[in-house]
Structures are given as structure tokens and as C-alpha cells.
Amino acid sequence: MSHVIIRGNNGRRHEVDFEDAELTVEIFVNEQNVELVIEALDEDRPWQKKRFALVNLPRSEFDQAMANTARNRTSSIKAVE
């Protein structure tokens with residue numbers, strides 16, 4: 001079951017529960033930002049009630065996280081062999 005949870009500056013928690021809906025995921029990248037758009041394909045909901053999450057990250061932070069993940073994955077694969 002897919003979901004997104006964030007906590008804002010005011011400490012309030014916001015959650016998008018996609019349940020078992022079919023999703024679309026789009027990734028937009030430029031030199032400064034990486035943007036993820038995740039949307040449930042809810043044909044029976046009006047457009048203003050669609051479930052979606054929009055995540056905008058600094059490109060440098062995203063690249064560093066991906067590099068760390070790749071490094072950790074490579075280390076764990078070598079440990080198993």
C-alpha cells in the first residue's frame with residue numbers, strides 16, 4: 001500500500017494514502033532540483049479531490065542520497081557473495 005507522510009514547519013502531519021490505487025510517477029530533473037509527482041489514477045474523483053504528492057528536492061541532496069544507496073547496495077551484495 002503506497003502512502004506519503006510529511007511533517008510541516010508547524011509540526012502538523014500530512015498524509016496521502018494511495019491505498020491500492022494505480023499510480024503514475026513522474027520525475028523532472030534540472031541542474032538545481034529533482035521533482036517527483038506521484039498521483040493516484042482516481043477516475044471517479046473530481047480533479048480537486050485527486051490524491052497526489054509533489055516532492056521537490058535540491059539536486060545535490062538527491063544525488064548524494066542515490067550515491068549512498070548505490071554504495072550501500074554494492075557493499076551488501078559483495079558481503080553476500
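In what follows, every heavy atom counts, from backbone to side chain, and hydrogens, waters and symmetry copies are set aside.
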Any pair counted as salt bridge (Lys or Arg N to Asp or Glu O under 4.0 Å), so long as it reaches residues 53-66, sequence neighbours left out: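 Pairs touching residues 53-66 that pass the test: Arg59-Asp63.
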
Within residues 7-20 or reaching into it, pairs that qualify as salt bridge (Lys or Arg N to Asp or Glu O under 4.0 Å) - sequence neighbours excluded: Arg13-Glu15, Glu19-Arg51

Exam field: side chain Asp42 to backbone Asp44, donor-acceptor pair closer than 3.5 Å: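 Here the side-chain-to-backbone pair does not exist.
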
Are [X] and [Y] connected, step by step, through hydrophobic side chains (Ile, Leu, Val, Met, Phe, Trp, Tyr) whose heavy atoms are closer than 4.5 Å?
| X | Y | answer |
| --- | --- | --- |
| Phe62 | Val55 | yes |
| Phe52 | Leu41 | no |
| Val25 | Leu57 | no |
| Phe18 | Ile6 | yes |

Nearest heavy atoms of Ala40 and Leu23, plus distance in Å: CA-CD2, 3.8 Å

Crowding at CD, Gln48 (>12 non-hydrogen neighbours, <6.0 Å):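 It does: Gln48 CD has more than 12 such atoms within range.
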
Heavy-atom check, side chain of Ile5 versus side chain of His3, under 4.5 Å: yes

Pairwise side-chain contact, Asn33 with Phe28, heavy-atom cut-off 4.5 Å (strictly under): no

Verdict with supporting geometry, Leu54 and Glu35, side-chain contact (heavy atoms from CB on, under 4.5 Å): CA-CA 7 Å; Leu54 174 65; Glu35 186 172 87; 3.5 Å; yes

